[in-house]
Amino acid sequence: MDHGTTITQFIAQEQRQIPGATGDFTALLNDIITACKMISNQVNHGALVGALGSADSENVQGETQKKLDILSNEMFIQSTEWSGHVAGLASEEMDDIYMIPEEYPRGKYLLTFDPLDGSSNIDVNVSVGTIFSVLRRDEAGDATEGDFLQPGTKQVAAGYALYGPSSMMVLTTGRGVNGFTLDQNIGEFILTHPDMKIPADTAEFAINASNGRFWEAPVKRYVDECLAGTEGPRGKDFNMRWIASMVAEVHRILTRGGVFMYPMDSKMAAKGLGGKLRLLYEANPMSFIVEQAGGMSITGKQRIMEMDPGSLHQRVPVILGSRNEIERLQSYHSEG
Ligand code: P6P
């Protein structure tokens, strides 16, 4: 029986397209996939294995860590630190970069990840995900924090795992976007969504509307026009979604189009924050995927992937999705 193309086969076929490829990159991607399978198993068993609830600790963001946040982080470390493919790791759940232990060789890649994004949804059984990004580092020896501070245009791969009604992985290596569904019976991700493309137009947007009174004028204008529907300047009705799980929102947009906004607002500005979402392991990998699927991803005024990171956990505003809508939002920001 033909079980379809596995993600392992797909990645190997991709490697053959790259002259001089050594297999390191392929092996790293396979280690990341293993970590996501392990996390999927823990998430799917949730309460049955006592994995729900808080860990009575906070991450560098000051957010309460769930037990699964810490477990997922450890699974990523265990799956990648030994391989000799990475020179260092950076995670939402760790204040500083993770130095590869002395006993393991260093590799030429850097891995940044949010091991369990949207984990506030875990205890209420709503979809959560893992986001990762791969950068290159050609120097020898131990990685430094500065090695990670590369613009998103330098990413060599990005992807996410979505732990929803089914577990999926979506991956780009700069040659389009492909989606894979986990076949629990054989423990493999199978290619089910080849060459994913985001429709240029949409009638659906996602934003946390409870922050409405803090939004900047261009975002307020855009949302008000959507809400005005057929009687308003857009001349059509819009639908709204908010899952509070970026991976689920981005996957919906990849599947049927849409707009996702976590914009800058006066509340965050008053706290000196650059935004809600983190540049290195949320905004950049999702921007790489969205752009590879024909969409756009901006802060409001600037292309996210062209930002020069100033720090490991830097936060940025994120407005991404269907190209024609993001261009409209960009024009509203340019008008001020
Ligand atoms: P809010 C999850 O914590 C996250 O980082 C994203 O996945 C999600 O889009 C956003 O924050 C949700 O934020 O303010 O609605 O809880």
Side-chain angles (χ1 to χ4, degrees), residues 11 15 18 20-36 38-39 57 59-61 63 65 69-117 130-161 171-174 274 277-289 304-316:
I11 292 170
Q15 177 187 323
I18 302 165
T22 63
D24 277 351
F25 182 52
T26 297
L28 172 57
L29 290 179
N30 283 317
D31 294 341
I32 292 166
I33 290 161
T34 299
C36 292
M38 292 161 72
I39 295 169
S57 58
N59 62 19
V60 65
Q61 333 286 342
E63 296 164 340
Q65 289 178 302
D69 281 321
I70 293 172
L71 264 176
S72 304
N73 193 65
E74 285 165 4
M75 288 171 185
F76 248 83
I77 293 172
Q78 287 161 17
S79 298
T80 54
E81 65 174 344
W82 57 272
S83 65
H85 304 311
V86 290
L89 307 173
S91 163
E92 175 179 303
E93 302 307 331
M94 299 187 289
D95 297 4
D96 304 313
I97 65 169
Y98 180 83
M99 305 299 286
I100 301 303
E102 282 305 310
E103 64 264 36
Y104 300 133
R106 279 105 186 84
K108 60 187 173 210
Y109 296 108
L110 300 171
L111 176 61
T112 73
F113 54 96
D114 182 356
L116 201 63
D117 182 70
T130 295
I131 309 171
F132 65 88
S133 169
V134 180
L135 297 162
R136 274 187 73 101
R137 170 187 183 267
D138 295 315
E139 296 76 19
D142 286 340
T144 65
E145 179 171 315
D147 293 330
F148 286 84
L149 304 184
Q150 301 180 41
T153 49
K154 296 287 190 184
Q155 294 174 99
V156 292
Y160 61 78
L171 176 67
T172 185
T173 58
L277 302 174
R278 277 61 57 151
L279 177 58
L280 287 187
Y281 41 78
E282 290 175 324
N284 267 341
M286 289 309 206
S287 297
F288 191 17
I289 292 165
I304 285 176
M305 291 220 305
E306 288 176 349
M307 296 185 75
D308 285 320
S311 63
L312 204 57
H313 300 287
Q314 178 176 341
R315 295 167 182 260
V316 293

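Numbers here simply count residues along the sequence, with the first being 1. Owing to the predicted nature of the structure, the values given are computational and were not obtained by experimental measurement.
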Do the non-hydrogen side-chain atoms of [X] and [Y] ever get within less than 4.5 Å of each other?
| X | Y | result |
| --- | --- | --- |
| M286 | L277 | no |
| Y281 | D117 | no |
| P115 | M75 | no |
| T130 | S72 | no |
| I33 | L171 | no |

Nearest 0.5 Å, please: how far is [atom2] in [Y] from [atom1] in [X]?
| X | Y | atom1 | atom2 | answer |
| --- | --- | --- | --- | --- |
| I131 | C36 | CD1 | SG | 11.0 Å |
| F132 | L89 | CZ | CG | 13.5 Å |
| Q78 | N73 | CD | CG | 10.0 Å |
| E92 | E282 | CD | CD | 5.0 Å |
| I77 | I100 | CD1 | CD1 | 8.5 Å |
| F148 | I97 | CZ | CD1 | 5.0 Å |

Return the minimal non-hydrogen interatomic distance between [X] and [Y], and the atom names on each side.
| X | Y | result |
| --- | --- | --- |
| R137 | A140 | NH2-O, 3.1 Å |
| D308 | Q314 | O-OE1, 4.3 Å |
| M305 | S287 | CG-CB, 3.6 Å |
| A87 | L110 | CB-CD2, 4.0 Å |
| P151 | N284 | C-ND2, 4.3 Å |
| A90 | L312 | CB-CD1, 4.0 Å |

If only atom types and distance count, is the side chain of [X] paired as donor or acceptor with the main-chain N or O of [Y] below 3.5 Å?
| X | Y | answer |
| --- | --- | --- |
| E74 | L71 | no |
| Q150 | R136 | yes |
| H313 | L280 | no |

Would Q155 and V134 count as a side-chain contact (heavy atoms from CB on, under 4.5 Å) here? Give the steps. CA-CA 6 Å; Q155 294 174 99; V134 180; over 6 Å; no
Could you point out which residue of T34, T26, L28, I32 forms a side-chain contact (heavy atoms from CB on, under 4.5 Å) with N30?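 Of all the options given, the one that passes is T26.
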So, R278 and D114, do they make that salt bridge, N to O below 4.0 Å?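 Here R278 does not pair with D114 in a salt bridge, since their nearest N and O are not under 4.0 Å apart.
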Run the side-chain contact (heavy atoms from CB on, under 4.5 Å) check on R106 and D142 step by step: do they pass? CA-CA 7 Å; R106 279 105 186 84; D142 286 340; 2.6 Å; yes
